[in-house]
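A short worksheet on the structure shown next.
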Amino acid sequence: MTVGPASAGWYLRRLSRMGPREIGGRAGDAVRRRRWRSARPKCPSVTGARFTAVLPAGTIASVPPDAAKRLVAEADRLLAGHVEYFGVDRDDLADPDWWYDPKTGRRAPWGYAFDVPYRDENAAGDIKQIWELSRHQYLTVLAAAYAVTGNERYAERVAEHLRSWWASNAPLRGAHWISGIELGIRLLSWVWIRRLLDDWPGAAALFEDNPVARHQIWHHQRWLAAFPSRGSSANNHVIAEAAGQFAAACAFGWFPASPRWRSDALRSLERHLKSNTFGSGLNRELATEYHGLVLELGLAALAEADAADVPVPASVRLVLLRMTDALAAVVDSRLRPPRQGDADDGHGLVLDGTGTDRWASLLATGDAVFGRLDWWPSVTATDVRTPLLTALIRPYAKNGTAPAVTRPPRRPGHFTDAGMTILRGPGEIWCRCDGGPHGFLSIAAHAHADALSLEVRHDGVDVLADPGTYCYHGEPAWRRYFRSTLGHNTLQLDGADQSVSGGPFLWTRHARSRVLAAETTGDVARWCAEHDGYRPSVHRRRVELTAASRELRVVDEVRGPGRSVRLVFHLGPAITADLAGERAVLTWTRDGEERSAVLDLPEQLRWRAHRGESDPPLGWYSAGFGRKEPATTLVGTGFTDGAEGFTTVLGFRG
């Protein structure tokens with residue numbers, strides 16, 4: 001099923017979530033777009049352009065051999081024409097069609113960029129499939145392979161594809177000039193491509209001595225300066241826009257406007273890094289993959305600042321430090337962070353091959369830049385990006401502008417501002433409890449209707465799982481399911497979501513949650529929270545994790561009028577469930593060893609197991625964007641019982 005262009009009703013709902021300043025800014029953008037349709041200035045002439053933001057001598061030699069091996073293997077697959085994006089394998093990468101979507105077989109239409117109906121899959125195909133290739137992060141991998149090996153075939157392929165892209169995507173023409181996040185990430189990729197190809201004899205001819213490249217770089221920065229994400233849309237997109245603009249203005253500072261672009265982008269980056277991040281260090285979108293994306297973008301921008309000797313406000317480094325400490329605090333025993341909110345496999349800077357642990361890489365970079373704390377989990381995995389980034393970034397303790405900061409003396413378990421609580425138990429039991437805000441800004445674009453949901457793992461294996469995201473555009477029924485209340489480990493009343501959706505990235509009413517108690521240390525860890533999404537009723541949930549018995553007890557209460565209820569528990573894809581009445585025996589294998597648990601479910605409800613159902617969707621797990629697989633979902637149905645509530649007990653064996 002495909003999705004068409006947005007309706008008039010959607011535009012009215014979207015407008016209702018904007019303030020006067022945002023409406024005025026968007027009106028100005030509309031006027032500018034009309035003017036730019038026919039007014040396309042030329043890039044100013046440039047003489048004596050040079051690229052000086054190179055890696056320090058000896059940096060490449062510090063890349064660990066196993067990371068270099070993974071990188072080269074990935075680069076060889078790319079040279080052979082093979083790549084996989086969002087569950088779709090492509091074999092056409094040797095000579096790509098930049099507007100082709102292999103998922104639907106459609107090509108995005110040509111024409112003035114702001115006329116392209118990119119939300120209409122019937123007209124433009126799956127726009128994320130089209131955009132992903134043109135982030136040019138596969139070219140940063142090829143460029144890194146050249147830097148590591150000196151093999152010029154990698155550099156030559158990069159040059160061939162960049163020239164092809166520049167020739168095929170004139171400024172303001174086609175699908176690749178629509179979204180600022182795409183332009184920002186692409187600029188960041190180009191900066192690193194030029195840096196990694198510095199020893200290649202053709203590098204200068206490809207970039208600074210090439211009027212076509214200069215023309216593209218200038219127009220990308222002019223676009224970003226004119227059309228920043230605004231108001232209710234100023235989430236991770238604006239970070240990518242500012243980071244890409246800043247990186248390019250530092251490394252490619254060849255134009256009369258470069259100093260202004262650099263200072264404006266740095267001000268935007270400082271402002272929005274702070275506004276997108278809680279004081280605790282967690283990302284305000286409460287979508288963990290975007291925490292990773294923003295942290296990657298911030299570190300990459302910091303690298304460009306230090307490479308160009310551009311002073312950075314102390315708050316920028318401080319936010320990145322707190323984000324890194326928060327990431328170290330919330331990961332499980334296998335360095336997996338929570339699966340919360342939207343996730344679309346987006347990365348800020350890619351320099352590694354398949355199989356590299358993204359989160360271990362970020363923690364390794366954080367260790368080198370900020371210094372690890374005693375309670376941080378150990379990181380033994382290696383990557384290419386960390387030694388290259390940290391060769392440019394000045395360590396925090398040695399930076400003269402870095403303020404003294406008090407960091408957590410022990411591993412935090414409760415983040416008051418974000419409403420996230422992590423309970424930990426023996427046998428690597430990890431439980432995330434969600435009592436935080438619905439999402440970020442008025443539209444909460446990347447939020448799910450998941451108030452009071454739980455996520456439980458044992459030694460890194462999803463037992464009670466957050467099912468994930470799967471898709472954004474193109475399959476509205478699946479988008480609704482994966483972001484719905486039914487799609488999470490929580491309680492649903494009268495078949496409704498706790499928060500009201502106005503579209504695939506728009507929530508018009510947000511459930512309000514509050515944490516009533518959180519004790520994350522001691523023999524019994526406890527958490528209690530409630531939300532008002534089912535007004536006038538209130539859903540309250542209590543969770544206790546007892547170390548001695550390795551038992552998780554969950555009590556759900558509904559305070560208010562009697563209503564129909566569905567209590568839902570999604571199991572991870574590795575879990576086999578044998579349901580008999582109100583008891584489910586769960587089994588799985590980890591590192592060749594059989595593991596098990598018993599889930600005793602509330603007897604007041606009628607329980608059924610669902611798996612891989614499509615009409616309507618139920619019983620699915622999405623490990624990554626565009627990918628889904630059947631998984632067991634246990635659903636209990638009945639009516640509220642305010643006197644006793646519903647008690648669920650998960651007990652781990654062995």
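- No side-chain donor-acceptor contact under 3.5 Å links Tyr100 and Asp92.
- Judged by distance alone, the side chain of His161 and the main-chain N or O of Ala94 form a donor-acceptor pair under 3.5 Å.
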Is there a side-chain contact (heavy atoms from CB on, under 4.5 Å) between Tyr290 and Asp344 once you walk through the steps? CA-CA 9 Å; Tyr290 289 110; Asp344 71 348; 3.3 Å; yes
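- In this structure, Tyr138 and Leu133 approach most closely via the heavy-atom pair CE2-O, 3.4 Å.
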CA sep, side-chain torsions, deciding dist, call: Asp345, Tyr85, side-chain contact (heavy atoms from CB on, under 4.5 Å): CA-CA 9 Å; Asp345 296 359; Tyr85 290 133; over 6 Å; no
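- No donor-acceptor distance shorter than 3.5 angstrom exists from the side chain of Arg106 to the backbone of Ala123, with no hydrogens or angles considered.
- Side-chain atoms of His220 come within 3.5 Å of backbone N or O of Gln216 as a donor-acceptor pair.
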Which is it for Glu285 and Asn236 under the side-chain contact (heavy atoms from CB on, under 4.5 Å) test, yes or no, and what are the steps along the way? CA-CA 8 Å; Glu285 292 196 78; Asn236 63 86; 2.8 Å; yes
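- Looking at Leu320 and Tyr396, their side chains never come closer than 4.5 Å, going by heavy atoms from C-beta outward.
- The line from CG of Asp325 to CZ of Phe370 is 8.5 Å long, rounded to the nearest 0.5 Å.
- Between Val319 and Arg322 there is no side-chain heavy-atom pair separated by less than 4.5 Å.
- Counting heavy atoms of neighbouring residues, nucleotides and ligands inside a 6.0 Å radius, atom CG of Asp591 exceeds 12 of them.
- A donor-acceptor pair under 3.5 Å links the side-chain atoms of Arg339 to the main chain of Asp466, judged by distance alone.
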With ring pair (Phe, Tyr, Trp, His ring centres under 6.0 Å) as the test, would you mind laying out the steps for Phe505 and His473 before giving the verdict? CA-CA 10 Å; Phe505 296 98; His473 301 287; 5.4 Å; yes
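- For CZ of Arg271, the number of neighbouring non-hydrogen atoms (other residues, nucleotides, ligands) closer than 6.0 Å is 12 at most.
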Tyr472 and His446: CA distance, side-chain angles, deciding distance, ring pair (Phe, Tyr, Trp, His ring centres under 6.0 Å) verdict: CA-CA 10 Å; Tyr472 282 170; His446 291 298; 5.7 Å; yes
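- Once rounded to the nearest 0.5 Å, the distance linking NZ of Lys274 with CD of Glu270 reads 4.5 Å.
- Residue Asn210 comes nearest to Trp166 through the heavy atom pair ND2-CZ3, 3.7 Å, listed as atom of the first residue, atom of the second, then distance.
- Counting only N and O atoms by type, the side chains of Trp98 and Ser164 include a donor and acceptor under 3.5 Å apart.
- Using modelled atom types, no side-chain atom of Gln340 and backbone atom of Thr288 make a donor-acceptor pair closer than 3.5 Å.
- In this structure, the side chains of Trp376 and Thr324 come closer than 4.5 Å at one or more pairs of heavy atoms.
- Between Leu327 atom CG and Leu282 atom CG the span is 9.0 Å, to the nearest 0.5 Å.
- The ring pair (Phe, Tyr, Trp, His ring centres under 6.0 Å) with Phe625 is formed by just one residue from the set Phe86, Tyr470, Phe482; it is Phe86.
- The shortest side-chain heavy-atom distance between Arg77 and Glu84 does not fall under the 4.5 Å cut-off.
- Remark: side-chain polar atoms of Arg432 are not paired, donor with acceptor, to backbone N or O of Pro338 under 3.5 angstrom.
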Any chance you could lay out the salt bridge (charged side-chain N to carboxylate O under 4.0 Å, His left out) test for Arg394 and Asp306, step after step, and finish with the verdict? CA-CA 7 Å; Arg394 299 187 187 112; Asp306 286 353; 3.4 Å; yes
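- Met323 is listed as a side-chain neighbour of His291, based on a closest heavy-atom distance under 4.5 Å.
- Taking each heavy atom of Leu188 and Ala247 in turn, the nearest pair found is CD1-CB, 3.7 Å.
- Within the 3.5 Å criterion, the main-chain N or O of Trp177 finds a donor-acceptor partner in the side chain of Trp223.
- Exactly one of Thr382, Thr356, Asp383 qualifies for a side chain to side chain donor-acceptor pair (under 3.5 Å) with Ser361. That residue is Asp383.
- Below 30°, between 30° and 60°, or above 60°: for Trp165 and Trp190 the angle between ring planes is above 60°, a perpendicular geometry.
- Heavy atoms only, all atoms of each residue included: Ala155 and Leu197 are closest at CB-CD2, 3.7 Å.
- Note that the CG atom of Leu196 and the CG atom of Leu142 stand 11.0 Å from one another [nearest 0.5 Å].
- In this structure, CZ on Arg334 lies 14.5 Å from CH2 on Trp430, to the nearest 0.5 angstrom.
- Taking the six-membered ring where the residue is Trp, Phe51 and Phe252 present tilted rings, their angle falling between 30° and 60°.
- Between Thr469 and Arg483, every side-chain heavy-atom pair lies at or beyond the 4.5 Å cut-off.
- Between Ala53 and Ala251, the closest heavy-atom pair is CB-CB, 4.3 Å.
- Between the side chains of Tyr146 and Asp199, no donor N or O sits under 3.5 Å from an acceptor N or O.
- Judged purely by atom type and a 3.5 angstrom limit, Ser622 uses its side chain to pair as donor or acceptor with the backbone of Arg627.
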Where do Glu241 and Ser229 land on the side-chain hydrogen bond (donor to acceptor under 3.5 Å, both in side chains) test, with the steps shown first? CA-CA 8 Å; Glu241 295 160 10; Ser229 293; 2.6 Å; yes
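- With a 4.5 Å cut-off on side-chain heavy atoms, Val158 and Thr140 do not count as touching.
- No side-chain donor-acceptor contact under 3.5 Å links Arg214 to the backbone of Pro44.
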Given Gln137 and Ser189, is the side-chain hydrogen bond (donor to acceptor under 3.5 Å, both in side chains) satisfied, shown in steps? CA-CA 6 Å; Gln137 292 176 327; Ser189 294; 4.8 Å; no
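- Put simply, the side chain of Pro313 reaches to within 4.5 Å of the side chain of Leu266, judged on heavy atoms.
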Please test Asp264 against Arg267 for salt bridge (charged side-chain N to carboxylate O under 4.0 Å, His left out), starting from the C-alpha separation and ending with a verdict. CA-CA 5 Å; Asp264 288 351; Arg267 278 195 298 272; 2.2 Å; yes
Walk me through it: do Val312 and Glu304 pass the test side-chain contact (heavy atoms from CB on, under 4.5 Å)? CA-CA 10 Å; Val312 171; Glu304 298 308 326; over 6 Å; no
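- Salt bridge Lys103/Glu475: present, at least one basic N to carboxylate O contact under 4.0 Å.
- In terms of heavy atoms, Trp620 sits closest to Pro467 at O-CB, 3.5 Å.
- Taking CD1 from Ile181 and NE2 from His237, the interatomic distance works out to 4.0 Å, rounded to the nearest 0.5 Å.
- Of the possible polar contacts, none joining the Trp99 side chain to the Pro109 backbone as a donor-acceptor pair under 3.5 Å is found.
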